[in-house]
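Here is the structure we will look at.
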Amino acid sequence: MAKLQPVRGTHDLIGDEARSHLAIAGAAREIAERYGFAPMATPIFEFTEVFQRTLGDTSDIVTKEMYTFEDKGGNSLTLRPEGTAGVARAFISGGLQNELPLKCFYHGPMFRHERPQKGRQRQFHQFGVELIGVAEPTADVEVIAMAADILDTLGILSETTLELNTLGDAQSKEQYREALVAYFSGVSDKLSEESRDRLVRNPLRILDSKDAGDRALLADAPRFDDYMTEEAAAFFAAVQDGLETVGVAFKRNPHIVRGLDYYSHTAFEFTTEALGAQGTVLAGGRYDGLIETMGGPRTPGVGWGAGLERLAMMTDAAPAVTRAITLVGLGEAGEREALRLSGVLRHAGLTVELVYKGGLKRGLKRADRINAAVAVLIGDDELERGTVTVRNLDTGEQSDVAIADLKDHLAAYR
RNA sequence: GUGGCUGUAGCUCAGUUGGUUAGAGCGCCUGGUUGUGAUCCAGGAGGCCGUGGGUUCAAAUCCCAUCAGCCACCCCA
């Protein structure tokens, strides 16, 4: 039992858990299609450089969390830690430049070598969307509105907060970065050890530090809004206007910083208190520089990713399942007739469970256990009359039904 | 990567100051006469006590290591 363990941070999805993932992805998909997005599936691994170049050499994901290995041809490959890079790569290598805008959604496993905890696994699943080729703020609005719609149909929108921020354009970002470095360098002796490190690697990160001392310093830190270019400010204003128009509530949070280098302008997170420390349920932003960084034509984009495990934890209730009709064949002839009828009923759209072995008692017991609605008893007595016994498992009522009429008799259980 | 807590049957857990055949509930299987499920009764299967070392006459119990889970930091979905 201890010999065969699942790999650390992986998790088997069984029964209702698997069903709930499918249901969530299905609901998300339905809404994405309503927004005119098309499905897309990219490989689960890519050449390592695909992620290295796009995520930035300083990001934690690249520096310590990637599952990288060499294949038999000597290529360095990496299990995808997120979905956007793969889509961008497909966009470039597939020559999709001529079909802008590209609107797609995907879902599947992602891999990050992190220490597991609540809401965080090494293999987890994301549903994500990308809207590539539209530089207008309407794209940001639409994509965020879709996210809100999805959370709403899952019944958890009210438990989340949309936190919104802008990282500005490259110029704003750079000016602000310099101002931050100047400010924090002056007080670096008061910074936490971690933030001193961030000061060199990624100063923006200091903004979302949880350290109390750091937070105190933030009060007097330069404010991003003072360093934004006019264009960047106008863009952000348009996004906020749009969200109001569409009726999506948000909260400005100047401390939201995306972990990945390719983001600019809009950055947002839907967060919740319900999940402990890993409160981000869906997050994304605009990545206008990404595709160019990867060697493609300069092309803007916006998108987000949502963690299915986290969503599933919030939508506790298992999705409803159609109750089955259980066929209990007794004796050789009965079993054969049950098998034949199973096909007839299934083709008629009914959910059918066959009892594979054992007698009547066991058959009913099994029907009870799987919460079947009806048991159909097929024994020699019935066969002689050309009927079957239909037993309603809730009321215990039984009736004889001619075999030829069975399909219609059970129509209500479709 | 760092820290805290935990690891006994399929599941939830007991297991006294180390002491002989490791327990319960639920679940599972069989039976309680002929073809009727959730109740009831009787029986049964199922444990390298996470793994590897050590201390001891004796370890599920003590020590060390290791693996895994949970929670937090970090980071993020």
Side-chain angles (χ1 to χ4, degrees), chain A residues 1-11 14 24 55 58-65 80-84 107-128 147 160 192-195 197-198 201-202 205 208-211 256-260 268-272 275-285 303-314 326 328-331 334 355 357-382 389-398:
Chain A
M1 156 177 148
K3 284 277 163 59
L4 277 183
Q5 292 181 325
V7 173
R8 181 166 211 198
T10 64
H11 183 67
I14 297 169
I24 290 169
L55 302 181
T58 61
S59 73
D60 276 30
I61 290 183
V62 168
T63 55
K64 46 194 193 201
E65 294 175 5
R80 40 134 98 138
E82 55 94 45
T84 303
H107 98 103
M110 306 291 166
F111 306 84
R112 260 121 94 156
H113 190 104
E114 299 181 275
R115 191 93 175 251
Q117 71 180 74
K118 188 183 175 80
R120 189 167 76 185
Q121 297 167 209
R122 291 185 172 182
Q123 176 176 341
F124 61 102
H125 298 81
Q126 278 191 354
F127 181 94
T160 66
S192 67
E193 202 176 315
E194 274 149 2
S195 285
D197 185 48
R198 288 191 266 239
R201 285 194 14 229
N202 193 348
R205 273 257 97 94
D208 65 356
S209 172
K210 285 178 188 170
D211 182 88
I256 286 190
V257 180
R258 305 278 64 218
L260 313 178
F268 63 93
E269 294 183 3
F270 283 84
T271 60
T272 178
L275 258 36
Q278 308 302 316
T280 303
V281 126
L282 182 156
W304 50 256
L308 290 192
E309 282 80 2
R310 292 183 185 178
L311 293 174
M313 279 191 279
M314 295 185 73
T326 296
V328 185
L330 302 165
V355 173
K357 65 170 182 177
L360 177 59
K361 186 168 180 160
R362 188 179 165 130
L364 283 171
K365 205 167 178 178
R366 166 133 187 93
D368 184 46
R369 180 130 51 82
I370 64 168
N371 190 31
V374 169
V376 178
L377 315 180
I378 308 154
D380 293 340
D381 297 356
E382 285 89 349
T389 299
V390 173
R391 180 178 176 88
N392 180 315
L393 290 167
D394 293 330
T395 63
E397 283 171 64
Q398 298 193 170

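Just so it is clear: chains get the letters A, B, ... in the order the sequence lines come, proteins before strands, and each one is counted from 1. Note that the coordinates shown come from a computational prediction; the quantities given were computed from them, not determined experimentally. All values below come from the heavy atoms of this structure, side chains included, with hydrogens, waters and symmetry mates left out.
Taking 3.5 Å as the limit, the base of B:G35 and the side chain of A:E382 contain a donor-acceptor pair of atoms between them. Counting atom types as modelled, A:R115 pairs no side-chain N or O with a base atom of B:C73 as donor and acceptor under 3.5 Å.
Among the nucleotides B:U30, B:A72, B:G37, the one closest to the side chain of A:D368 is B:G37. Counting only heavy atoms from C-beta on, A:K361 has its side chain closest to B:G32 among B:G32, B:C73, B:C70. You'll find that the side chain of A:Q278 is closest to B:C74, out of B:C74, B:G69, B:G37. In the set B:A77, B:C71, B:G35, the nucleotide with an atom closest to the side chain of A:E114 is B:A77.
Counted by atom type alone, A:T280 and A:E269 present one or more donor-acceptor pairs between their side chains at under 3.5 Å. Between the side chains of A:Q398 and A:T389, not a single donor N or O lies within less than 3.5 Å of an accepting N or O.
Across the protein-nucleic acid pair, A:D381 atom CG and B:U34 atom C1' stand 12 Å apart, rounded to whole Å. Note: CZ (A:F111) to C1' (B:A77) measures 14 Å, nearest angstrom.
Between B:C28 and B:U21, the distance separating the two C1' atoms is 24 Å to the nearest Å. Across B:G4 and B:U8, the matching C1' atoms stand 23 Å from one another, rounded to whole Å. Across the C1' atoms, B:U17 and B:A9 are found 27 Å apart, a figure rounded to whole Å. B:C57 and B:G18 are spaced 12 Å apart, taking the C1' atom of each and rounding to whole Å.
The phosphate of B:A38 (OP1 or OP2) has no side-chain N or O of A:R369 nearer than 4.0 angstrom. At least one side-chain nitrogen or oxygen of A:R205 sits closer than 4.0 Å to the OP1 or OP2 atom of B:C76. Look at A:R310 and you won't find any side-chain N or O under 4.0 angstrom from OP1 or OP2 of B:C76. Residue A:R198 has a polar side-chain atom (N or O) positioned under 4.0 Å from OP1 or OP2 of B:C75. Between A:Q126 and B:A77, a side-chain N or O to OP1/OP2 separation shorter than 4.0 Å is absent.
Base contact: A:G119 has a heavy atom under 4.0 Å from a base atom.
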